[in-house]
Participant: 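Here it is, the structure in full.
The first residue of the sequence shown is numbered 1, and numbering continues consecutively from there. Side chains are part of it too, since the values below use all heavy atoms of this structure and drop only hydrogens, waters and symmetry mates.
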Amino acid sequence: MIIPRVPVQHRRLLPDRRLSGPTPWVIAILMMLTLLAAAAGVGLARSANAIGAAIAGRVTVQIVTANPVTRAEQAAALRRAAAAQPFVLSARSVEPEELQATLGQWFGVAEGDDPVLKSLPLPALVDIDFVGEDRTDPMRQLEALVAREAPGARIIPHAEWLGPVARLIRSLAWIAGGMVVLMTLASAAVVIMTARAALATHFPTIEMLHMIGATDRQITRLFQRRIAIDTAYGIALGTVVAAAILLLIGLQWSGVTAGLAATASLGPAGWALLLALPLLAIALAALTARQTLLAALKKIL
């Protein structure tokens, strides 16, 4: 026997007004927070990777000989000797003016013009980058080279003091990713509760539709379409608000050109992920609503 398709208007089952009820607004808030958390996670992950790549093969040799002339001579000799080694990618002497400018930023003095800062006995620094990923043998050879060219100098691996910072930033990125997962589950829970509430509210109509021959799939399509539209409106609203917030942050971030903050960016892959999240959220909401409605309808009659 062929069961006729019942021409039921979905507008009579669920309200036709856009953004009616709490569901679209709750979904909008969750979508906004999801996108912001995803952007933060991507930015932090890229920052941690950039820091890790920058410090992996770099060391700084600190020469603290009391005589300033001897310090300068040892730094120049060490830089020349290190640059000639096959395991060294580059060697650079840090100029005293650069050190004074850095100290001036720390102490709040513009351009390090404070006479007290200029009178401080600053060490001579030589930045050295290694070739390749193996650090054991190059470090051993560098120690011998430093002992010969600048006795008493100290070798400071950048990973020794920036490594914990990179690990902290990476941990924060994982936390942001966990927040994205939790808010995605919360959005799915909102869709499930909305579907069940709609079925409970319109139970007499559903019972009547069953009696005149409507199938569970026909009734599911009526409710699923309305829930999907409400959810899509909420996702679109949350996406627009999140995009505005990220644009404002991006305009302010464009002025950051130094420090750890300058390494944080979304990149092409990050922007692609943010663009894909709303589409994935709509698909997930539709699938969740369909499965919830079918499962609930099987228990009604």
Participant: Quick check on the hydrophobic clustering: are M183 and I192 connected, directly or via other members, by side-chain heavy-atom contacts under 4.5 Å?
Facilitator: no
Participant: Given side chains that start at C-beta, do those of T231 and I282 come closer than 4.5 Å, heavy atoms only?
Facilitator: no
Participant: State, with a plain yes or no, whether a side-chain heavy atom of L284 is found less than 4.5 Å away from one of V191.
Facilitator: no
Participant: Report whether L246 and V180 are members of the same hydrophobic cluster (ILVMFWY, side-chain heavy atoms less than 4.5 Å apart, transitive linking).
Facilitator: no
Participant: Treat each ILVMFWY residue as a node, draw an edge where side-chain heavy atoms are under 4.5 Å apart, and state whether V146 and M139 are in one component.
Facilitator: yes
Participant: Just verifying a value: how many Å separate Q141 CD and E143 CD, rounded to the nearest 0.5 Å?
Facilitator: 10.5 Å
Participant: What are the two closest heavy atoms between I227 and A289, and how far apart are they?
Facilitator: CG2-CB, 4.0 Å
Participant: So, taking the atom named CD in E73 and the one named CD in E149, what distance separates them when rounded to the nearest 0.5 Å?
Facilitator: 12.0 Å
Participant: To the nearest 0.5 angstrom, please state how far the CG atom of L125 sits from the CZ atom of R79.
Facilitator: 14.0 Å
Participant: What verdict does the side chain to side chain contact (heavy atoms under 4.5 Å, CB included) test give for R71 and N67, after you've listed the backbone C-alpha separation in whole Å, the side-chain angles of each residue and the deciding distance to 0.1 Å?
Facilitator: CA-CA 6 Å; R71 280 202 309 269; N67 190 320; over 6 Å; no
Participant: Quick check: do T194 and R196 have side-chain heavy atoms less than 4.5 Å from each other?
Facilitator: no
Participant: Taking all heavy atoms of A75 and all of S93, pick out the closest pair and write down the distance.
Facilitator: O-OG, 4.0 Å
Participant: Can you find a pair of side-chain heavy atoms, one from P123 and one from I63, that are under 4.5 Å apart?
Facilitator: no
Participant: Which heavy atom of S187 sits nearest a heavy atom of I27, and at what distance?
Facilitator: O-CD1, 3.9 Å
Participant: Going by the side-chain contact (heavy atoms from CB on, under 4.5 Å) test, name the single residue among V26, I235, L237 that passes it with M31.
Facilitator: I235
Participant: Could you tell me the separation between the OG1 atom of T288 and the CG atom of L293, rounded to the nearest 0.5 Å?
Facilitator: 10.5 Å
Participant: Taking all heavy atoms of T239 and all of P278, pick out the closest pair and write down the distance.
Facilitator: OG1-CG, 3.5 Å
Participant: Decide yes or no for F130 and V59: does some side-chain heavy atom of the first lie under 4.5 Å from some side-chain heavy atom of the second?
Facilitator: yes
Participant: Checking the side chain of S47 only, and the main-chain atoms of G43 only, is there a donor and an acceptor separated by less than 3.5 Å?
Facilitator: no
Participant: Do you know which two heavy atoms are closest between P151 and Q74, and how far apart they sit?
Facilitator: CD-NE2, 4.0 Å
Participant: Report yes if the side chains of V126 and V94 come closer than 4.5 Å at any heavy-atom pair, otherwise no.
Facilitator: no
Participant: Side chains of T60 and D127: is there a donor and an acceptor less than 3.5 Å apart?
Facilitator: yes
Participant: Quick check: closest heavy atoms across A176 and A40, and the distance to 0.1 Å?
Facilitator: CB-C, 4.5 Å
Participant: Is I249 reachable from V241 through a run of hydrophobic residues whose side-chain heavy atoms are each under 4.5 Å from the next?
Facilitator: yes
Participant: Is any side-chain heavy atom of W271 closer than 4.5 Å to one of V42?
Facilitator: no
Participant: For the CZ atom of F87 and the CG atom of L145, what is their distance to the nearest 0.5 Å?
Facilitator: 6.0 Å
Participant: Enter the distance from M32:CE to I245:CD1 here, rounded to the nearest 0.5 Å.
Facilitator: 5.0 Å
Participant: Is the shortest side-chain heavy-atom distance between L142 and I128 below 4.5 Å?
Facilitator: yes
Participant: Is I175 reachable from L182 through a run of I, L, V, M, F, W or Y residues, each pair having side-chain heavy atoms under 4.5 Å apart?
Facilitator: no
